[in-house]
Every structure is written in structure tokens, then in C-alpha cells.
There are 2 protein chains.
Amino acid sequence: MKTNVSPDTTPPRGHEAKRVSIMDAAGEVFCRESFAGANIDMIAAEAGVSRQTIYNHHGDKEKLFVAIVRDLTERCNAGIFATISTFPDQPKDLEVDLIAFAVHMNRNCICNREGKFLRKLIQTEGERYPELFAEWREQGPGRTWPAIAARFARLAHAGFLDIDDPDVAARQFLALANAELQTTFMLGGTPSDDEVLQSATHGVRTFLRAFGKRQPAADAQKHSALAGA
Amino acid sequence: MKTNVSPDTTPPRGHEAKRVSIMDAAGEVFCRESFAGANIDMIAAEAGVSRQTIYNHHGDKEKLFVAIVRDLTERCNAGIFATISTFPDQPKDLEVDLIAFAVHMNRNCICNREGKFLRKLIQTEGERYPELFAEWREQGPGRTWPAIAARFARLAHAGFLDIDDPDVAARQFLALANAELQTTFMLGGTPSDDEVLQSATHGVRTFLRAFGKRQPAADAQKHSALAGA
DNA sequence: GACGAATTAGACAAGAGTGTCTAAATTTAT
DNA sequence: ATAAATTTAGACACTCTTGTCTAATTCGTC
């Protein structure tokens, strides 16, 4: 038993560095090539690590894959909750604030590296690992959707929006915010900042035409009058 | 040179039967297993055909794959245009008619066998075959989106809707109609009829709250008053 | 500098998949 | 019925990948 500073929770420094570089490379390669198309040598090369090291760390290809998905789910969830915490509970300008939120959500949770990887792995391998992706469904959408819906409910209760069903409204909000990015997502591309802003702007305007109060409670500015360009 | 009824366009009958059963099976297997994960023996078994016959018909695995994607693109396009032709240009009840259209589009173009297969193949292999999927993008979304937008433009011009940009409105219409099916699509599932109807109903109601005329031009029935249940 | 743990390169066996070939069997049309 | 075309089963060479093993080397720590 070592009486040292690092009992057992902290393996040598280089060890951890290899670990993350393996995770990084494996995410990249599994995403690009699919599970069957990826091979361990590719991952090893991309990680700058020998093949044997990967086997030392993760045992076999399937365990590695599962570890990647769990890791991505966790990191994406963290990003989503961080973003939800920027939701405009007391908006100064509802349209501007919701657009900012939508852009934020897109950039930090959906278009970023982890978001793209996780989405593609779920789409590609979801049917092959039912229990793994059931876990994702619970941990991911199962927790984030209600959290977003709760924010919209609060906004409605405070008189900023006219919403019947906050769960439906939340899903529609995100669907609208992404409406113009679907084709790009399909092909695995990453939309430009401008495309994200465009889609969010159009989406939020439509959302507010549907759910905005005719006369805003707190502010006299008219949102829907800005329709042109 | 045969002077017969079938010069060279119509090979023997059984030949064609094999061909379609190969296409069917290959779509199924490529979709389920991804290109790299699929193997020819699997496809042959599923098609009820010997491996050699597949090589006789298509040359190699990659050519077979390309043939499948082209075939699916064509068949999906046909379905989409057929569905677009049912768009309510002169609606009796705008909400009811648009819901029917949305359900129709979902059932016949997105949730059906070909739609699911094509979507998954694009998501999974899109990055590996840029030119093939560029072709899809032109033939598919490139032609169907404008066609749908044109229908909405006509509806707006006739005084049924208040739309600034028909292209944006068309994309948002479909995004809203599918808003509640996204998670199911992600995992490769097929939504039930009821889920499709729910999503379409909620989507169309929101769409009409955003783009509907306050007082319908042709009809005095109020749509948005049906909010309950 | 010396020790122990981790990493590395390389060889290796085992298995799986592709694409070809052949000879027999089956289908289709005449 | 007969001839041509197609399909079939099976064997085959070839390649690629996985996962293991070993011996040498590097790294972090004392």
C-alpha cells in the first residue's frame, strides 16, 4: 500500500493523456467509418499510439465502442445543461434573446464535435445496441427535453408567451431552430455560423408568431413587425 | 439479331424477378448493417439467390451499393411528387387538409420502407460517396423543396395564409410536422400511425398560429379555438 | 542512476469476406 | 424435345482484421 500523494485514483500522467487521445481518435474514426468499417490500426495511428495500448486500455473493439458512446453522451449532456442555464428567464428582448439561445444550443450541443459524433453513432449503430441506446435515450432526451420545456413553461407563466403544452412547444422550438440545417446534418456536414444564425432567426420569428403575446407584457417593442429581411 | 417480341430490353422473366429481389434484400441489409458491415452472403441469403448471381448482375459490392442508392432516390422522389400532388390548393378546412397532407407525406415518403432506407444510407455513408450524394441532393431536396414551397406560395397568394418567404415556410412546415418523431427516427424506428397523427396535428396547429390569416378568407370556422385535447 | 510500470513494434494464428472459377442443374424460349 | 442462357453450390486464392504474444524500449518515480 503506497502512502503516497496518489493512492490509486491517479495513474501516471502520460497514461491519462494516452487515454483521452484514444477516445478522441476512436470517436472520430467510428463516426467516419461506422463500427464495422473502423479498424483498430486506424484508431491507433490517428491517436498516435500503438495498437497494443488500445487493447491494454479497453479490452476489445466492442468495449471501446461502448466506452465512446457513454463518454459522448455524458459530455453532450453536460453541454446541453450548461446551455439550458443560459435560457432567458427574464428576457429584455424576447426575439433577440431566444435567437441567442437557439444559436447557442446549435453551436455548443448539436453542430460541435461531440454532438455530431454522438448523433451519427446513434443513427448508424442504434439498432445494433438497443440497451446502450436506450440508456442514451433516458440520460439524454429523457432529461434534457423536460428541462427545456420547464423553462418555456416558466416563460409562459410569467406572461411572455402563450403556450398550451410546454413539452410540445419545446420540441417545436428546436425543430424550428434547426429547420434549415437538416440537409446539411444528413450528409454529415457542419453548418456555417451564418447558416446557424439564419435558421435560428427564421425559426424564432415563426415560433413567436405562433406563441408570442399579441402585446408583450413587459415591453412595448413589436417583434413581428420586423418581418422584412 | 432476334426479330422477336423482346429484342434486348426484356431479358427472361425470372431474371427480372431475381434483380428486384436482390435490390430489396441489399437495401435492407446495407441499411441494417452499413456498407462495411454488410456482406454479400447475407444479401444473397436474404434475397434467396446464390452469391454468384449477385456478382453476375452487379459486378461488385460497391456497384451494387450505388445502384441501391440511385434506385431508392428515384422511388422516394416519385413518392414525394405523388404526395405533393395531393396538396390542398383549394382547402375546405385548412387545418384538417394540411394535417392530412402532413400525415400523407410522413407515411408515404418518410416513414415508409424506402424513405427509412434512403435516409439511413445517406446519414451513414454520405461522407464516403460525395458525388453520389450530391446527385441525391440535386434530384431529391433540390427538386422537392421548391415544389412544396410553390404550393404554399399559391396558398398564400389565394389568401389562405400570410407568408413572407415560401421556401422558409415550407421547410418549417415539414420540420413542425416531424417535430415529435425525431427521437424515433434517430434510433431507426418507425413511428406508429398515432404518433404520426399527433405530431402532424400539433405541427399544423402551430404552423397556422404563425401563418394563418386571423380571419379565414373563405370560411368562417375558427381553427385555433380547437386547442383543447 | 535504478527500478517498475507502461508502451512499442513486430510477428503470429485464426477467422471472415471478397471476388473468381468450374461443373452441374435449372429455367426459358424455340 | 432441344438449345441457349441463367442460376447454383462449392472450392479456391487472396486480403484484411482481430486479438494475442514476446522482447525491447521508453517513461515516471524514487
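Chain naming here is simple, since letters A, B, ... match the order of the sequence lines and numbering starts at 1 in each.
Within the nucleic acid shown, A:A38 comes within 4.0 Å of sugar-phosphate atoms alone, with no base atom in reach, counting heavy atoms only.
In terms of phosphate contacts, B:T53 brings a side-chain nitrogen or oxygen within less than 4.0 Å of OP1 or OP2 of D:dT8. Contact between the side-chain N/O atoms of A:H57 and the OP1/OP2 oxygens of C:dA6 is not found at any separation under 4.0 Å.
A salt bridge links B:R151 to B:D89: one of the charged nitrogens lies within less than 4.0 Å of a carboxylate oxygen. Residues B:E127 and A:K120 are paired through a salt bridge, judged by an N-O separation under 4.0 Å between the basic side chain and the carboxylate.
Residues passing the salt bridge (charged side-chain N to carboxylate O under 4.0 Å, His left out) test with A:R119: none are found, sequence neighbours excluded.
Rounded to an integer number of Å, the gap from B:E33 CD to C:dA16 P is 15 Å. A:Y55 has its OH atom 15 Å from the P atom of C:dT8, to the nearest Å. Between the P atom of D:dG10 and the CZ atom of B:R51 lies a distance of 11 Å, rounded to the nearest Å. The interatomic distance linking B:K18 (NZ) with D:dT6 (P) rounds to 13 Å, in whole Å. Between the NZ atom of A:K63 and the C1' atom of D:dT18 there is a distance of 13 Å, given to the nearest Å. The CG atom of B:D41 sits 14 Å away from the C1' atom of C:dG15 (whole-angstrom rounding). Rounded to an integer number of Å, the gap from CG of B:N56 to P of C:dG19 is 13 Å. Distance B:I40 CD1 to D:dA9 C1': 17 Å, rounded to the nearest Å.
Distances were taken from every side-chain heavy atom of B:V49 (C-beta onward) to each of C:dT18, D:dT8, D:dT17; the shortest belongs to D:dT8. Residue A:Q52 places its side chain closer to C:dG10 than to any other of C:dG19, D:dT18, C:dG10.
With A:S21 contributing its side chain and A:A47 its backbone, the two residues share a donor-acceptor pair below 3.5 Å.
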